[in-house]
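The model shown is predicted, which means the values in this text are computed figures rather than measured ones. The figures that follow rest on heavy atoms only: side chains count, while hydrogens, waters and symmetry mates do not.
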Amino acid sequence: MPASIVVNDIRKWYGDTHAVDGVSFTVESGEFFGILGPNGAGKTTTLEIIEGLREPDGGTVSLLGLPPWPRNAKLLPRIGVQLQATSFFERLTAREQIRTFAALYGTPPARADEMLEIVGLADKADTRTEQLSGGQTQRLSIACALVHGPDVVFLDEPTAALDPQARRNLWDLLRGINAQGRTVVLTTHYMDEAELLCDRVAVMDAGKILQLGPPAALVRELEAPNRISVETGTLPVDEARTLFPDAEVDDDGVSLTISTRNPALVLSTLAERNALRGLSVRGATLEDVFLTLTGREYRA
């Protein structure tokens with residue numbers, strides 16, 4: 001099938017700031033695609049250009065074979081958008097909210113009620129939206145973006161500020177959306193979320209794509225050392241540094257951690273000394289890729 005999204009060298013400037021600076025990528029039909037980056041990387045601006053909410057200063061975008069800018073009325077029934085900040089009509093219940101969104105697309109009320117059931121809000125149908133929890137509000141926002149059965153769904157940090165249980169419940173919902181054959185484009189700060197959900201991710205910073213590919217492939221390409229940890233006191237730090245001169249050894253008072261590219265040697269040596277108390281072995285993750293590409297300094 002033809003690609004759902006083709007982005008070619010798009011650019012957006014705000015004065016001297018290059019919010020998006022020559023971004024290109026393709027999203028295949030039915031793909032779950034993630035855009036990752038620190039604050040100010042250009043993720044949301046990129047998404048808004050693709051959605052047709054913002055005009056690019058350069059480059060082209062094809063969304064379902066059509067240009068999204070100028071605002072293309074033919075595309076509106078075929079895309080669903082969940083924005084970073086959600087605002088609902090005041091004093092309406094969850095059922096009234098989603099039925100209002102459904103009516104804008106000519107979708108029958110029965111479909112709106114069905115969507116409440118799908119996102120697990122049937123028991124909150126008569127609750128005003130201002131009385132919903134953060135996770136419930138996010139679910140309603142996603143339901144409103146999906147009520148008309150779009151081909152492509154855009155989700156801008158859908159699990160931001162949610163507790164771990166609410167995040168995992170939303171992950172199940174998002175996997176179900178994608179399993180129905182819909183193309184999903186997600187921006188997120190959560191590396192575990194991207195690693196679990198996305199077929200491919202693009203890591204952005206300073207308006208550019210630094211690396212793009214399947215999460216597992218990006219992790220393998222990093223060739224990062226394995227981190228082997230045992231409880232502090234299991235093995236003296238000086239002895240560990242003598243035993244493993246090619247490894248990085250650190251003790252934070254809780255765990256002794258040995259970063260090594262030869263984990264088999266380290267594990268066998270620890271076993272010989274009966275020094276495996278509290279053992280954990282951690283390989284590289286997408287977070288390591290992200291920090292290697294974008295740096296570790298704090299972004300406000």
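If you chain together hydrophobic residues whose side chains sit under 4.5 Å apart, Val81 and Leu174 never meet in one group. Ile35 and Val219 sit in two unconnected hydrophobic clusters of ILVMFWY residues. Membership requires side-chain heavy atoms under 4.5 Å apart, directly or through other members.
When each of Lys43, Arg54, Lys12 is tested with Glu48 by the rule side chain to side chain donor-acceptor pair (under 3.5 Å), just one qualifies, namely Arg54.
Using a distance-only test at 3.5 Å, with no hydrogens or angles considered, a donor-acceptor pair links the side chain of Ser24 to the main chain of Asp9. With hydrogens and angles disregarded, a donor-acceptor distance shorter than 3.5 Å links the side chain of Arg182 to the backbone of Pro150. A distance-only check finds a donor-acceptor pair linking the side chain of Asp199 to the backbone of Phe32 [under 3.5 Å]. Of the possible donor and acceptor atoms, none in the side chain of Asn226 sits under 3.5 Å from a partner among the backbone N and O of Pro263.
Annotation: Glu287, atom CD; neighbour count of heavy atoms from other residues, nucleotides and ligands within 6.0 Å does not exceed 12. Counting heavy atoms of neighbouring residues, nucleotides and ligands inside a 6.0 Å radius, atom CD of Gln131 exceeds 12 of them. Heavy atoms of other residues, nucleotides or ligands lying less than 6.0 angstrom from CD of Glu28 number more than 12. Heavy-atom contacts from other residues, nucleotides or ligands closer than 6.0 Å to CZ of Arg168 number 12 or fewer. Residue Gln180 qualifies as enclosed at atom CD: its count of foreign heavy atoms under 6.0 Å is above 12. Applying the 6.0 Å contact sphere to CD of Gln165 captures no more than 12 heavy atoms from other residues, nucleotides or ligands. The number of heavy atoms from other shown groups lying within 6.0 Å of CG (Asp252) is above 12. Heavy-atom neighbours of Tyr14 OH from other residues, nucleotides or ligands within 6.0 Å: above the threshold of 12.
By the 4.5 Å heavy-atom criterion applied to side chains, Leu36 and Thr294 are not counted as neighbours. In this structure, the side chains of Ile50 and Pro68 stay at 4.5 Å or more apart for every pair of heavy atoms. Annotation: side chain of Arg227 is in contact with side chain of Asp288 (closest heavy-atom distance under 4.5 Å). In this structure the side chain of Asn262 never reaches within 4.5 angstrom of the side chain of Phe244, judged on heavy atoms. Using a 4.5 Å heavy-atom cutoff, the side chains of Pro225 and Thr260 are not in contact. Under the 4.5 Å side-chain criterion, counting only non-hydrogen atoms from C-beta, Pro67 is in contact with Asn72. With a 4.5 Å cut-off on side-chain heavy atoms, Trp69 and Val61 do not count as touching. A heavy-atom distance below 4.5 Å is not found between the side chains of Phe25 and Arg200.
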Decide side-chain hydrogen bond (donor to acceptor under 3.5 Å, both in side chains) for Thr187 and Asp156; before the verdict, give the C-alpha distance in whole Å, the side-chain angles of both, and the deciding distance to 0.1 Å. CA-CA 5 Å; Thr187 71; Asp156 197 357; 2.4 Å; yes

Start with the C-alpha gap between Leu256 and Ile228, add the side-chain angles, then the distance that decides, and say whether side chain to side chain contact (heavy atoms under 4.5 Å, CB included) holds. CA-CA 8 Å; Leu256 172 73; Ile228 299 171; over 6 Å; no

What's the verdict on side chain to side chain contact (heavy atoms under 4.5 Å, CB included) for Val184 and Leu155, showing C-alpha distance, side-chain angles and the deciding distance? CA-CA 8 Å; Val184 181; Leu155 305 169; 3.8 Å; yes

Would you sort out whether Asp151 and Arg78 count as a salt bridge (Lys or Arg N to Asp or Glu O under 4.0 Å), showing the intermediate values? CA-CA 5 Å; Asp151 299 313; Arg78 302 185 64 191; 3.0 Å; yes

Residue pair Ile142, Leu170: steps toward the side chain to side chain contact (heavy atoms under 4.5 Å, CB included) verdict: CA-CA 9 Å; Ile142 293 172; Leu170 266 178; 3.5 Å; yes

With side chain to side chain contact (heavy atoms under 4.5 Å, CB included) as the test, would you mind laying out the steps for Leu63 and Phe154 before giving the verdict? CA-CA 12 Å; Leu63 175 57; Phe154 296 96; 4.0 Å; yes

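A salt bridge is absent between Arg99 and Glu96; no separation between the charged side-chain nitrogens and carboxylate oxygens falls under 4.0 Å. Looking at Asp21 and Lys208, a side-chain N of the basic residue comes within less than 4.0 Å of a carboxylate O on the acidic one, giving a salt bridge. Taking a cutoff of 4.0 Å between a charged side-chain nitrogen and a carboxylate oxygen, Glu239 and Arg273 qualify as a salt bridge.
Annotation for Gly30 and Asn178: closest pair O-ND2, 3.1 Å, computed over non-hydrogen atoms. Taking both residues in full, the closest heavy atoms of Ala275 and Val230 are given as O-CG1, 3.4 Å, listed atom of the first, atom of the second, then distance. Between Phe33 and Ala202, the shortest heavy-atom distance links the atoms CZ-CB, 3.9 Å. Closest of all the heavy-atom pairs between Val147 and Met115 is CA-CG, 3.8 Å. Considering every non-hydrogen atom in both Pro56 and Ile49, the closest pair reads CB-CG2, 3.9 Å. The minimum heavy-atom distance linking Pro38 with Asp205 is given by the pair CG-OD1, 3.4 Å.
For the residue pair Thr232 and Asp251, a side-chain donor N or O sits within less than 3.5 Å of a side-chain acceptor on the partner. Ser4 and Thr183 share a donor-acceptor pair across their side chains, judged by distance under 3.5 Å alone. Using modelled atom types and a 3.5 Å distance limit, the side chains of Glu195 and Thr285 yield no donor-acceptor pair.
With values rounded to the nearest 0.5 angstrom, Asp126 atom CG is found 4.5 Å from Arg95 atom CZ. Here the CD-CZ distance, from Gln138 to Arg167, works out to 12.0 Å after rounding to the nearest 0.5 Å.
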Can you give me every donor-acceptor pair (side chain of residues 265-272, partner residue at least two apart or in another chain, under 3.5 Å) with its distance?
{"unit_1": "Ser268", "atom_1": "OG", "unit_2": "Ala264", "atom_2": "O", "d": "3.1"}
{"unit_1": "Ser268", "atom_1": "OG", "unit_2": "Leu265", "atom_2": "O", "d": "2.9"}
{"unit_1": "Thr269", "atom_1": "OG1", "unit_2": "Leu265", "atom_2": "O", "d": "2.8"}

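Ring-plane geometry between Tyr105 and His148 is classed as parallel, the angle between the planes falling under 30 degrees on a 0 to 90 degree scale with a further cut at 60.
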